[in-house]
Amino acid sequence: MLGKRNHSGSVPPNGKKKLRKRSTVELVPESEQIFQGKVFYYVPPDDKAQPRRIRINKAIKFGAAWTTELSLSTTHIVVDKTLTFKDVMTFLKLETLPSNIIMVSEDYPIDSIESRFLLDPKQKQYTVSGYQEMSKVERAAPPSPTMSEHASEDTAALKQPPSHSKELVHGSEIDDTSARVQISQPQNHDMDDHKKMIKLARSMEHIPINDEDDDQEDDIPPSRDQSDESGSDVEPRRPSSHNRPKSKRKGSRNLSFNQEGFTCMTGGTGITTDSNPNARTIEILQKMADYYVETKDHWRQSAYRKTIGVLRKQNTKISSYDEAIRLPTIGHRLALKIEEIVLTNGLRRLNDVVSDPRFHVLQTFMNIYCVGINQAWNWVQQGHTSLEDLKAHVSLTKNQQLGIEHYDEFLTRIPREEVTALGNFVRDAAVSIDPKVEVIIGGSYRRGASSSGDIDFILTKRSTTSSQELLEFLTSLTNHLTKVGFLVAALLTPSQTGSKWHGCCVLPGILKSIWRRIDFLLVPGSELGAALIYFTGDDIFNRSIRLLASKKGWRLNQRGLYKDVLRGPGRVRLNEGSLIEGADENKIFAALGVPWRPPEQRICN
DNA sequence: GACCAGGTCGC
DNA sequence: GCGACC
DNA sequence: GGTC
Ligand SMILES: O=c1ccn([C@H]2C[C@H](O)[C@@H](COP(=O)(O)OP(=O)(O)OP(=O)(O)O)O2)c(=O)[nH]1
Ligand SMILES: [Mg+2]
């Protein structure tokens with residue numbers, strides 16, 4: 001289930017996207033759209049059968065969104081009359097029906113349309129056989145008969161497949177709303193949520209938030225399997241050169257690309273220019289990016305993140321489509337979105353997926369170390385709602401158990417001073433074991449951050465040419481640090497050819513010390529430059545510079561910069577390539593034609 | 001319509 | 001091979 | 001989501 005597929009989700013030049021809201025469907029006037037804000041998941045989840053296709057189109061016409069992937073935004077499961085409640089649950093691999101989802105027979109939408117009102121789904125003729133009234137216990141009341149509105153409204157879609165699943169069709173998305181109160185300050189209590197969302201977002205990054213009504217079409221996520229993909233990360237846009245010869249892409253890589261457009265060429269400081277004129281826009285885009293977590297549209301999320309990074313660097317307010325479209329990584333749709341955000345001061349209707357309790361549960365679960373979107377969603381679907389639930393009812397890996405035990409600790413940022421202190425402790429121990437070993441703190445600390453999510457150490461030694469030469473040292477170090485009470489848990493240990501160790505540590509002697517995540521990377525002297533680039537990040541910067549290398553037919557990883565890399569279909573690497581440089585950070589930048597920038601200027605996220 | 005970084009480790 | 005993480 |  002999860003995704004791995006790709007498809008693209010792009011939009012044809014003229015614009016529309018794939019989320020089709022059924023391109024051929026003409027919606028009835030808004031006042032008659034009784035399913036506005038409702039998201040229907042049909043079982044079976046396709047429109048291959050003619051009758052079902054007609055019914056689905058009709059529902060869409062009356063305002064419904066159709067999803068082929070069960071998600072947090074799904075409001076109704078519409079079931080074929082030949083199926084029973086049990087069939088559906090088995091098909092969806094669910095034990096209990098999420099409390100916000102109403103299961104109805106396929107007659108429900110039709111009859112509602114005929115009566116021009118949302119009917120009461122609890123009426124016997126619409127219940128699915130075997131669907132007992134568990135509903136009354138659980139949920140308050142589904143939409144009442146005559147009202148078309150109801151609490152749920154819409155929401156962004158969080159989608160996840162039961163076991164397969166696919167597209168969401170029209171979508172529910174987040175949109176803006178100037179009228180609504182906003183999202184603007186959301187952050188307070190969300191501080192925490194915010195981080196979670198980023199995790200969500202990062203992991204899956206995909207999902208469509210859409211504009212509300214732009215009715216046109218854009219909304220649906222990629223249909224099909226899962227996410228779409230397209231470039232989100234680091235990418236360049238070529239300035240002007242129009243007609244360049246179309247390179248033949250086949251076996252040969254496309255040699256023409258705009259290096260200046262790569263994020264790594266300009267870097268970033270992470271500082272939102274004081275009172276950045278685009279702060280509000282950034283805020284909204286961040287929200288949108290966060291919500292995309294729901295689905296698995298990893299690339300879309302990436303695109304939003306890049307745009308945020310670009311806006312952060314601007315000293316002037318980007319208000320119009322034309323100003324926005326000139327900026328790297330901002331294309332047609334994001335430019336439109338930016339203009340609209342500025343004009344309306346917000347999203348018209350950022351759905352509140354956030355108000356869906358399951359969304360919070362999802363976030364809670366995803367914040368467990370070693371729990372990602374897939375696992376979290378499965379648990380949510382199974383009806384689990386708390387960490388206690390998980391402890392009692394699901395099987396957890398060792399790391400996940402630790403993640404739950406130290407849930408809050410792992411989410412607590414580490415002040416820079418403490419990182420420095422932890423670093424000194426490790427350095428002292430390392431040097432006492434092998435004076436020739438050098439200890440470098442990388443990660444956000446090396447970029448100058450005032451607080452870090454974890455501590456990243458590079459353990460290196462000049463004379464070495466392979467990380468294995470340092471394995472013995474690592475063992476001594478971790479043993480020692482464990483003995484003295486500094487290391488308190490191991491999460492991942494290097495396998496024979498390995499070069500990394502992950503675990504938890506505390507500053508010994510402190511009464512209530514907080515468990516901190518700590519990572520060691522073994523680096524031979526010959527690879528130090530590449531390792532520094534890697535471990536210094538940030539991740540966006542790394543992806544950018546690595547993509548740039550690949551455009552040149554090279555490859556950059558934590559060990560070095562390689563040339564003559566052959567790639568097959570799907571960019572699959574066919575050989576190792578030959579080393580250009582690994583030891584010197586500066587030389588790698590130079591070889592790539594990237595102006596040197598210190599760690600503090602590699603903050604692109 | 002292809003592609004969006006490249007890798008390690010656990011299960 | 002997939003999921004999660006760096 | 002964007003780029004080519
Ligand atoms: O997907 C990723 C994640 C991380 N890194 C690199 C860059 C990053 O700087 C370093 C350390 O990872 P970590 O997750 O610790 O990030 P950080 O930059 O140190 O931030 P934080 O303060 O959250 O630890 O590993 C990548 O190349 N790709
Ligand atoms: Mg870190």
Side-chain angles (χ1 to χ4, degrees), chain A residues 1-4 6-12 17 199 202-210 218 221-222 227-238 241 244 246-247 249-250 253-254 256-258 261 264 285 288-289 292 297-307 325 328-335 337 366 368-376 378 395 397-400 403 442-443 453-454 456 491-495 497-502 517 519 521 530 534-535 537-551 555-559 562 567 569-571 573:
Chain A
M1 59 182 47
L2 330 163
K4 17 212 60 245
N6 11 291
H7 348 347
S8 53
S10 32
V11 179
K17 326 207 113 223
K199 176 181 178 180
R202 288 175 95 126
S203 61
M204 327 213 74
E205 303 179 343
H206 50 295
I207 280 202
I209 287 177
N210 251 340
D218 335 294
S227 24
D228 8 13
E229 40 228 97
S230 354
S232 48
D233 232 7
V234 172
E235 279 247 320
R237 168 181 325 212
R238 113 183 295 86
S241 53
R244 57 182 177 293
K246 293 179 141 205
S247 51
R249 324 190 151 213
K250 220 103 297 101
R253 85 192 94 100
N254 181 356
S256 71
F257 58 90
N258 174 21
C264 63
L285 291 177
M288 296 176 78
Y292 275 121
D297 189 348
H298 151 103
W299 299 115
R300 192 176 301 230
Q301 197 179 341
S302 233
Y304 275 77
R305 277 214 287 158
K306 281 203 296 187
T307 291
I325 195 78
T329 82
I330 296 180
H332 175 250
R333 304 202 73 224
L334 272 164
K337 206 149 275 181
M366 286 192 50
I368 300 168
Y369 184 71
C370 288
V371 174
I373 184 74
N374 296 296
Q375 184 69 268
N378 286 341
S395 76
T397 66
K398 203 177 101 203
N399 286 356
Q400 287 166 348
D454 68 359
D456 304 293
L491 299 169
L492 174 160
T493 52
S495 66
T497 70
S499 58
K500 53 174 61 170
W501 190 95
H502 294 172
R517 280 278 298 102
D519 297 346
L521 183 68
Y534 163 59
F535 231 35
D538 61 18
D539 55 340
I540 297 291
F541 180 87
N542 287 352
R543 289 164 67 175
S544 175
I545 196 168
R546 288 174 178 207
L547 180 63
L548 174 60
S550 80
K551 297 285 189 199
R555 167 173 68 119
L556 176 63
N557 64 15
Q558 55 270 52
R559 287 192 275 278
Y562 301 80
R567 300 183 124 103
R571 266 182 94 264
R573 199 183 80 234

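We name chains A, B, ... by the order of the sequence lines, and we start the count at 1 in each one. From a predicted model like this one, the values you see are computed outputs, not experimental measurements.
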Practice task
Please tell me which of the listed nucleotides, B:dG7, C:dC6, B:dC11, lies nearest to the side chain of A:Thr397?
Solution key: B:dC11
Problem - Test salt bridge (Lys or Arg N to Asp or Glu O under 4.0 Å) applied to A:Arg546 - qualifying residues, sequence neighbours left out - result: none
Problem - Closest to the A:Leu547 side chain, choosing from B:dA5, B:dC9, B:dT8 - result: B:dA5
Practice task
Could you tell me whether the side chain of A:Ser550 and the main chain of A:Leu547 form a donor-acceptor pair under 3.5 Å?
Solution key: yes
Completion exercise
Residues passing the salt bridge (Lys or Arg N to Asp or Glu O under 4.0 Å) test with A:Arg559, sequence neighbours excluded, are none
Exercise for the section: Would you mind reading off the distance between A:His502 atom NE2 and B:dC9 atom P, rounded to a whole angstrom? Expected result: 9 Å
Completion exercise
Winner on side-chain proximity to A:Asn374, out of B:dC9, C:dC6, C:dA4, is C:dA4
Practice task
Could you tell me whether the phosphate oxygens of C:dC6, OP1 or OP2, come under 4.0 Å of any side-chain nitrogen or oxygen in A:Arg543?
Solution key: no
Completion exercise
Between OH of A:Tyr534 and C1' of B:dG6 the distance, given in whole Å, is 9 Å
Exercise for the section: Kindly give the heavy-atom pair with the smallest separation between A:Thr329 and A:Leu334, and that separation in Å. Expected result: O-CD1, 4.3 Å
Exercise for the section: Respond yes when some side-chain nitrogen or oxygen of A:Asn557 is under 4.0 Å from OP1 or OP2 of B:dG7, and no when none is. Expected result: yes
Problem - Below 4.0 Å: OP1/OP2 of B:dG6 and any side-chain N or O of A:Arg559 - result: no
Practice task
Look at the side chain of A:Arg546 and decide which nucleotide, out of B:dC9, C:dC6, B:dA5, has an atom nearest to it.
Solution key: B:dA5
Problem - Protein-nucleotide distance (A:Gln558, atom CD; C:dC6, atom C1'), rounded to Å - result: 9 Å
Fill in the blank from the handout: Between A:Asn557 and A:Tyr562, the two heavy atoms sitting closest are OD1-CE1, 3.6 Å
Practice task
Indicate yes or no for a side-chain donor-acceptor contact from A:Asp519 to the backbone of A:Asp456 under 3.5 Å, with no hydrogens or angles considered.
Solution key: no
Exercise for the section: Determine the contact category for A:Gly443: base if any of its heavy atoms lies under 4.0 Å from a base atom, sugar-phosphate if only primed atoms, P, OP1 or OP2 are that close, otherwise nothing. Expected result: nothing
Problem - Nucleotide-level pairing of DNA chain D, given in dot-bracket where Watson-Crick and G-U pairs need both distances under 3.5 Å and | marks other strands - result: ||||
Practice task
Take the protein atom CG of A:Leu491 and the nucleotide atom P of C:dC5, then report the distance between them rounded to whole Å.
Solution key: 11 Å
Exercise for the section: Give A:Gly537 one of three labels, base, sugar-phosphate or nothing, depending on what nucleic acid heavy atoms sit under 4.0 Å from its own. Expected result: nothing
Exercise for the section: Have a look at A:Thr493 and say if it touches a base, only the backbone sugar-phosphate, or nothing, with a 4.0 Å heavy-atom cut-off. Expected result: sugar-phosphate
Exercise for the section: Have a look at A:Leu556 and say if it touches a base, only the backbone sugar-phosphate, or nothing, with a 4.0 Å heavy-atom cut-off. Expected result: sugar-phosphate
Exercise for the section: Look at the side-chain N and O atoms of A:Arg517 and state whether any lies under 4.0 Å from the OP1 or OP2 oxygen of C:dC6. Expected result: yes
Completion exercise
Of B:dG7, C:dC6, B:dC9, the nucleotide closest to the side chain of A:Phe535 is C:dC6
Exercise for the section: Check whether any side-chain nitrogen or oxygen of A:Ser495 sits under 4.0 Å from OP1 or OP2 of B:dC9, and answer yes or no. Expected result: yes
Handout entry: A:Trp299 side chain, from C-beta outward: closest of B:dC9, B:dA5, C:dC6
Key = B:dA5
Exercise for the section: Check whether any side-chain N or O of A:Asn399 sits under 4.0 Å from OP1 or OP2 of B:dG10, and answer yes or no. Expected result: no
Problem - A:Tyr534 side chain near A:Leu556 side chain, heavy-atom distance below 4.5 Å - result: no
